Amino acid sequence: MTDDILNPIDDQVDEFKRAIESIILVAHDPVPAELLAQLIEQPTMLIEQWCSELAESYSQAAHGFELVQIAGGYRYQTAPDLTPYVERFLLHDQRARLSGAALETLAIVAYKQPISRSQVAAIRGVDPDGVLRTLQARGYIDETARDDGPGQAILYGTTTSFLEKLGLASLDDLPAIAEFIPDADVVEALEDGLRVTPQVDVAPREMSQNEPGGSSDGASWP
Amino acid sequence: MTDDILNPIDDQVDEFKRAIESIILVAHDPVPAELLAQLIEQPTMLIEQWCSELAESYSQAAHGFELVQIAGGYRYQTAPDLTPYVERFLLHDQRARLSGAALETLAIVAYKQPISRSQVAAIRGVDPDGVLRTLQARGYIDETARDDGPGQAILYGTTTSFLEKLGLASLDDLPAIAEFIPDADVVEALEDGLRVTPQVDVAPREMSQNEPGGSSDGASWP
Amino acid sequence: MAMNVATPVYEGPFDMLLQLILKEQVDIYEVNLSTIVDAYLAELDRMQELDLDVATGFLLIAATLIELKARRLLPNMSDLDLDDELALWEERDMLLARLLEAKTFKDVAQVFAQLASEADRSFPRVVGPDERFAATLPDMLEGTSVTRLRNAAISALTPKPIPTVDLFHINPIKTTVADAVTELLDELPRIGRITFRRLTADLGERVEVIIRFLALLELFKQGAIELDQPERFGDIEIAWSPDDSFDSEAILIDTYEG
């Protein structure tokens with residue numbers, strides 16, 4: 001097929017194919033052949049060949065997953081005929097409910113957009129990657145811009161679908177929170193890792209939830 | 001192996017095994033056998049058998065991924081020998097390394113759960129609040145109960161994330177604590193270090209050292 | 001997260017004691033006790049919640065150590081009451097058991113570290129369903145009101161106090177057991193007799209009271225004072241009554257040098 005001199009020996013080929021499998025297994029997005037070539041240090045052409053050999057072997061073995069080439073890369077996905085099982089599982093999945101962490105992250109993006117993942121991380125104090133990915137997969141947030149700075153970080157914002165789900169006409173309809181939250185410089189000081197004393201007490205959640213009709217705007221606030 | 005009447009026919013078995021593969025492929029967390037049994041409508045025992053057959057077939061075919069039983073469920077993960085490739089791909093490994101203090105505290109909670117912070121303090125001889133908070137933030141321990149006593153102290157236990165972190169299928173897989181009881185020489189060293197009885201002729205130490213055989217143990221004791 | 005306040009070498013007094021005995025192969029006679037006792041007191045002071053059980057436990061261990069050491073320093077133990085002797089043996093056994101327990105979990109921790117590093121070699125797939133299933137996924141926002149979102153924003157954006165680096169409340173330990181011994185050696189000969197409650201009445205800090213108590217124990221073991229507690233949990237009576245052999249210079253050296 002290809003020039004014999006270029007071909008790695010069999011043992012190595014086995015390892016390279018296993019490496020391809022491992023990388024694609026953990027990847028959240030389809031992995032381009034060029035990236036695999038770079039990581040494994042083999043020609044793109046060989047990578048492509050190995051990937052189709054792998055795909056072929058999965059289909060021969062009639063596995064419940066397949067290796068497909070999609071959106072400029074390779075990924076594992078479930079076989080089309082098994083969709084009913086997958087859907088049944090997804091309806092059972094605990095992750096279907098919006099966790100407290102996910103709600104907070106969504107709220108941060110909603111009120112602070114456009115915002116980068118590192119800014120979200122600084123506010124929440126934990127790595128937000130998983131949650132951001134889930135919110136994006138659900139179509140509540142999306143990458144809306146790039147930071148001008150050197151890293152050109154991705155900036156996130158909420159989507160129109162988010163507004164629809166919450167019954168809002170526009171972002172301007174989000175209830176104001178500025179009055180309840182310490183000044184930006186205080187928040188910044190916190191992000192820098194300094195200890196600051198909270199200047200405002202947040203009303204206990206139960207209280208505001210019990211308020212009939214959510215008389216949202218600071219009835220209980222001085 | 002099992003009663004033939006209970007066993008589904010071969011074609012169906014193939015489909016069930018493919019369904020198992022597809023469900024585990026899309027899951028975020030290890031999928032318990034019971035949940036698979038419920039979704040696929042087959043006995044848990046058969047699910048477990050099929051899962052081990054699948055795991056076996058992957059390892060036979062020397063794939064770059066494996067199916068493992070961990071934290072009470074099944075999940076796909078990369079083969080351990082391929083770590084360098086996966087790390088190269090993921091760039092920043094966000095998994096946290098645990099400090100010695102965190103590991104010790106985790107060990108105490110794992111074997112003594114449910115346990116209160118003051119019981120942890122008593123064993124480690126240090127204030128455990130900071131470490132407990134970190135372990136809880138990382139999701140390795142959680143508040144699992146309240147003490148019945150007057151203070152109603154919070155009791156901590158380990159989580160499924162803890163099992164995943166250590167690669168254990170369940171708490172039963174923890175090594176028996178009896179294996180860790182210190183050796184006789186450690187006990188002896190500690191006993192010696194904490195001797196109540198002085199060596200005979202304590203005061204001039206040079207003398208007792210000169211004494212042949214050092215009649216050490218409790219000469220003055222009945 | 002700043003949490004490891006302890007020195008890099010020892011993770012608290014227990015660890016210090018364990019390492020000294022096991023690694024350095026020293027016995028209580030050679031161990032610098034005031035360092036260990038001070039480490040206990042520092043740990044007590046660092047506690048963010050007053051926990052009587054833990055405090056008492058620490059105190060008991062510190063006292064046992066001092067008693068053990070004092071006993072070893074005193075050549076004339078024949079005049080000691082058998083009950084006292086047995087009590088000391090019992091306390092020592094308790095301490096030994098706790099050190100063994102601490103050592104057990106230290107060893108377990110090493111196995112945990114090994115298990116974790118083996119488990120870390122494999123990476124789990126946490127990708128989730130692909131976009132083909134987006135429509136199947138239940139709407140996570142169902143039932144979420146704008147008010148809930150606003151409350152979540154307020155809670156997320158409000159700076160939280162970070163309890164572990166609460167520098168405003170850390171009181172450095174001002175006195176040590178050695179200082180307290182010096183003070184008492186000055187005060188007690190003048191006062192003669194006093195109760196523990198009165199002696200510590202003007203001390204505001206719990207730790208200072210504990211230090212005084214440990215200093216008294218030290219003086220008692222050195223034969224400088226007599227202690228009496230007529231009732232269980234009652235007030236302790238202290239009387240200055242130095243033995244013939246009592247040497248205030250020696251005791252100072254001992255408490256300092258350990």
Side-chain angles (χ1 to χ4, degrees), chain A residues 11 14-28 31 35-36 38-41 50 54 57-58 60-67 75-96 101 121 124-131 133-134 137, chain B residues 11 13-29 31-32 34-36 38-42 50 54 57-67 73 75-96 133-134 137-139 160:
Chain A
D11 273 9
D14 284 347
E15 168 156 340
F16 295 145
K17 285 169 91 167
R18 297 177 70 238
I20 291 173
E21 288 181 302
S22 71
I23 290 168
I24 298 176
L25 188 82
V26 298
H28 284 275
V31 192
L35 178 54
L36 288 168
Q38 195 186 323
L39 293 167
I40 296 173
E41 296 172 346
W50 295 332
L54 283 170
S57 78
Y58 299 149
Q60 288 271 327
H63 282 305
F65 51 82
E66 44 191 33
L67 182 63
R75 80 165 180 212
Y76 285 114
Q77 63 179 37
T78 55
D81 62 305
L82 300 168
T83 304
Y85 291 105
V86 178
E87 287 182 348
R88 206 180 296 172
F89 168 70
L90 294 177
L91 292 173
H92 270 80
D93 197 359
Q94 290 296 319
R95 295 197 177 228
R124 294 218 59 240
V126 289
D127 174 24
D129 279 357
V131 177
R133 207 175 285 121
T134 305
Chain B
D11 272 8
V13 171
D14 284 346
E15 167 156 343
F16 294 147
K17 284 169 90 167
R18 297 177 69 238
I20 291 174
E21 288 181 301
S22 69
I23 291 169
I24 299 176
L25 191 80
V26 300
H28 285 100
D29 300 306
V31 190
E34 294 73 20
L35 178 56
L36 289 168
Q38 188 188 331
L39 296 168
I40 297 174
E41 296 173 346
Q42 291 297 314
W50 295 331
L54 283 170
S57 76
Y58 299 149
S59 110
Q60 288 272 326
H63 283 305
F65 51 80
E66 43 189 35
L67 180 64
R75 78 170 187 201
Y76 283 116
Q77 65 180 31
T78 60
D81 62 306
L82 300 170
T83 315
Y85 294 105
V86 183
E87 276 177 347
R88 213 177 294 169
F89 170 67
L90 292 175
L91 291 176
H92 54 300
D93 183 359
Q94 285 158 358
R95 298 171 309 173
R133 207 175 295 118
T134 303
R138 298 248 179 99
T160 52

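A quick note: this is a predicted structure, and the numbers were derived from the prediction, not measured. Quick note on labels: first sequence line is chain A, next is B, and so on, each numbered from 1.
Chosen from B:P84, B:A79, B:A19, the residue pairing most often with chain A at heavy-atom distances under 4.5 Å is B:A19.
Of the atoms belonging to A:E87, not a single heavy atom falls under 4.5 Å from chain B. Heavy atoms of B:E66 lying under 4.5 Å from chain A are absent altogether. Neither the backbone nor the side chain of A:A61 comes within less than 4.5 Å of any heavy atom of chain B. Contacts of B:D81 with chain A are made by side-chain atoms alone, with heavy-atom separations under 4.5 Å and no backbone atom involved. Using a 4.5 Å cut-off between heavy atoms, B:L36 makes no contact with chain A at all. Using a 4.5 Å cut-off between heavy atoms, B:L25 touches chain A through its side chain atoms alone.
Within the 4.5 Å cutoff, side-chain heavy atoms of A:Y85 are placed close to those of B:I40.
Summarising the geometry, atom CG belonging to B:L82 is positioned 6.5 Å from atom CD belonging to A:E15; distances are rounded to the nearest 0.5 Å. Note that CZ of A:F89 and CD1 of B:I20 are 13.0 Å apart. Values are rounded to the nearest 0.5 Å.
In this pair, B:H63 and A:H63 present their aromatic rings perpendicular. The plane angle is above 60°, beyond the 30 to 60° band. Note on ring orientation: taking the six-membered ring where Trp is involved, the planes of B:F65 and A:F65 are perpendicular (angle over 60°, cut-offs 30° and 60°).
Nearest heavy atoms, B:T78 versus A:S22: CG2-O, 3.5 Å.
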